[in-house]
J.: 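Provided herewith is a single structure, encoded as structure tokens, for subsequent inquiry.
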Amino acid sequence: MPFLMPVRDKIFGVLIAIGGCLTVWWAVSWAGLVSPFLLPPPVKVWRAFVALWSSGELLHHTWASAMRVGIGYGLAVSVAIPLAIVFSASGIVRVVAEPLLEFLRQIPPLALMPLLMLWLGIGEAQKIGIIILACFFPVFLGMRGGIAQADRKLIEVGKVCGLNRWEIIRRIVMPSALPALVVGLRISLGYSWRALVGAELIASSVGLGYLITDAQDLARTDIVLVGILVIGVVGLATDFLLKRLCARLAPWLAGDLEMARA
Amino acid sequence: MLELSNIGKHYDVAGHRVAALSGIDLTLTRGSFTTIVGRSGCGKTTLLRILAGLASPDTGEVLSGGPAPRIGVVFQEARLMPWLKVAENIAFGLRKRVDRKTIDERVSAILDLTGLSAFRSAMPAQLSGGMAQRVALARALVMEPDLLLMDEPFAALDAFTRRSMQNELVSLWQARKPTIVFVTHDVEEAVVLGQTVIELSEGRVVGRQTVDIPYPRDPTGVEASLCRRAVLARLLTPATPDRMQTKPD
Ligand SMILES: Nc1ncnc2c1ncn2[C@@H]1O[C@H](COP(=O)(O)OP(=O)(O)O)[C@@H](O)[C@H]1O
Ligand SMILES: [Mg+2]
């Protein structure tokens, strides 16, 4: 079965993919098919990477972006989960707040950028605001979907065991909602990373998005490429860490985790 | 002792009034093993849910002489919490009532009794259907119920596993003497297990059969076969046709 390859084969596949891309990239620039300004050869990008790394600049920008994602994501998650529980528990809250949230959900976070810049300035608050907007809904909706899907048959087991309403929520409904929540958490993490870089491209003085636009102004395509590669790698790494964390906290979810990509 | 008198319950299905149970009178003496048998849709689950307190009857009442009985329920599906290990699933209902140490002791004892000791740390997804149902039975037994309600608990099992689970259930009952109400659509199973077989058809009790055969019973023996034939004969006579009525406007 191709889905259950051993780790060794997976690593092998990844190495082949990377090697193949590098070879094509190198061949294209060596043959002079594109101008070295538009697509600098791998060696040049590598040198730019080494220079940025040793000057500490790369770490500085990466750290700045990661901090924003960390804070924004953490805040969004800690608001979205309790709010989802309140929504699921209270009909009145649902009736009043649902239309409002449905309306907000239609607006892409980046479309709110101008407003956020006016309200929050162009500092950290605005970046974190963008991230919260970007990752609130997948977590919120995931949690609510998970609660709604909780198996009535398991809830009956709780009733037969004499659990009260709160105990049923805590001991049956919450664990039942976990698979859907994990999907939401994973989607959100991807969204937050993308929205942040978008925000940093528009107005920022530090961060990976800023590194890219700044390099563009200086016509340093090699640095632009370093920035793009680092964004991709950090995104992969955080997704991997989240997956590992979920696998540890909820080992029975192994199957659900693979579906959670977006 | 548990006394059901004139229990009735109906459902509204697409504008029709469907009587699931009507005029059920039943006495369950303490420590007795009663089986309820009937074709699918005759109201067995509804009756059991009323006894379990998961549904309330439209008419009639359930009276218990003395304090309310502790109830254990085994459903047709195992209904285990997929996020809990076997031992944690068994302890699920205990957590509320007794302290940590007592829980551990009781769970260990039940694991031994039901032959699940080797599986105590397994997750439900790793269990076969028979093992999962055994865990469900253990989860009900660990509460030390006075009244054990079982809704076709072995229906999804293969014939071999079902046979051994039936024998284990009888031994457990003989050892602890809870009052058992066991629902099944299988006449043979009803006769092999119950001291009394209640025959249910279209929401009414259409017959009772006392089964006076010592345990463990041989389902192919002469006496069991005679009982089975008597039960089947009553269940197969056509019942009253006035069950579905159009709602008067
Ligand atoms: N929740 C429900 N809504 C509507 N009709 C129901 C419901 N539960 C049971 N019934 C109806 O009540 C009758 C008895 O059902 P049930 O007690 O489940 O029978 P059994 O367990 O013997 O198969 C059936 O006609 C069934 O369709
Ligand atoms: Mg049923």
Side-chain angles (χ1 to χ4, degrees), chain A residues 1 3-4 81 84-85 88 142-143 145-186 242-260, chain B residues 45-46 48-56 68-86 88-98 103 121-127 132-133 135-151 153 181:
Chain A
M1 282 203 293
F3 302 113
L4 296 172
I81 292 177
I85 297 173
S88 302
M143 187 70 186
I147 291 175
Q149 281 164 26
D151 192 346
R152 295 194 56 84
K153 294 184 166 180
L154 295 184
I155 294 174
E156 278 185 1
V157 171
K159 284 185 185 156
V160 166
C161 289
L163 304 193
N164 61 33
R165 186 175 144 92
W166 168 240
E167 288 165 327
I168 285 177
I169 291 181
R170 192 171 56 79
R171 293 183 58 195
I172 301 176
V173 177
M174 289 298 126
S176 300
L178 222 64
L181 175 64
V182 164
V183 171
L185 285 174
R186 210 173 153 202
L242 182 67
K243 236 168 85 176
R244 290 297 294 268
L245 186 71
C246 292
R248 280 209 48 169
L249 293 178
W252 70 94
L253 294 182
D256 297 296
L257 280 172
E258 275 315 306
M259 306 193 307
Chain B
T45 296
T46 306
L48 214 64
R49 290 173 61 83
I50 288 173
L51 281 169
L54 289 171
S56 46
R70 262 200 311 268
I71 295 176
V73 183
V74 183
F75 299 93
Q76 179 165 348
E77 327 80 30
R79 302 196 184 185
L80 305 179
M81 310 294 154
W83 54 89
L84 297 179
K85 292 177 184 155
V86 163
E88 293 164 338
N89 261 294
I90 294 175
F92 189 80
L94 274 182
R95 260 184 51 183
K96 207 179 140 107
R97 308 178 178 210
V98 289
I103 291 178
S121 308
M123 298 304 285
Q126 300 171 309
L127 303 176
Q133 203 54 274
V135 177
L137 180 59
R139 176 178 62 193
L141 287 174
V142 83
M143 310 281 282
E144 299 183 346
D146 310 308
L147 178 61
L148 183 57
L149 304 171
M150 308 181 79
D151 189 1
V181 180

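Chain letters run A, B, ... following the sequence lines, proteins first and then strands; every chain starts at 1. All heavy atoms count here, side chains included; hydrogens, waters and symmetry mates do not.
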J.: What is the minimum heavy-atom distance between A/P175 and B/W83, and which atoms define it?
T.: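 Here A/P175 and B/W83 meet closest at CB-CE2, 3.1 Å.
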J.: Around atom CZ of A/R170, are there more than 12 heavy atoms from other residues, nucleotides or ligands closer than 6.0 Å?
T.: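 Yes, enclosed.
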J.: I want to check something: taking the side chain as every heavy atom from C-beta on, are B/M81 and A/R171 in contact at a cut-off of under 4.5 Å?
T.: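 No; the side chains remain at least 4.5 Å from each other.
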J.: Where on B/R70 is there a heavy atom nearer than 4.5 Å to chain A: the side chain, the backbone, both, or neither?
T.: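 Looking at B/R70, nothing touches chain A.
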J.: To the nearest 0.5 Å, what is the distance between CG (A/L154) and CZ (B/F92)?
T.: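 It is 8.5 Å, given to the nearest 0.5 Å.
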J.: Between A/L178 and chain B, which part of the residue has a heavy atom less than 4.5 Å away: side chain, backbone, both or neither?
T.: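 When you check distances to chain B, no heavy atom of A/L178 falls under 4.5 Å.
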J.: Nearest 0.5 angstrom please: B/L84 CG to A/I172 CD1, how far?
T.: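 Answer rounded to 0.5 Å: 9.5 Å.
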J.: Between B/F75 and chain A, with a heavy-atom cut-off of 4.5 Å, which part of the residue counts as in contact: side chain, backbone, both or neither?
T.: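 Answer is side chain: those atoms of B/F75 sit under 4.5 Å from chain A.
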J.: Select all residues of residues 139-148 of chain B having any heavy atom within less than 4.5 Å of some heavy atom of chain A, and report them by number, or 'none'.
T.: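 Listed by number, the contacting residues are B/R139, B/M143.
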J.: Nearest heavy-atom pair of A/K153 and B/R79: which atoms, and what distance?
T.: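 So the minimum-distance heavy-atom pair works out to O-NH1, 3.3 Å.
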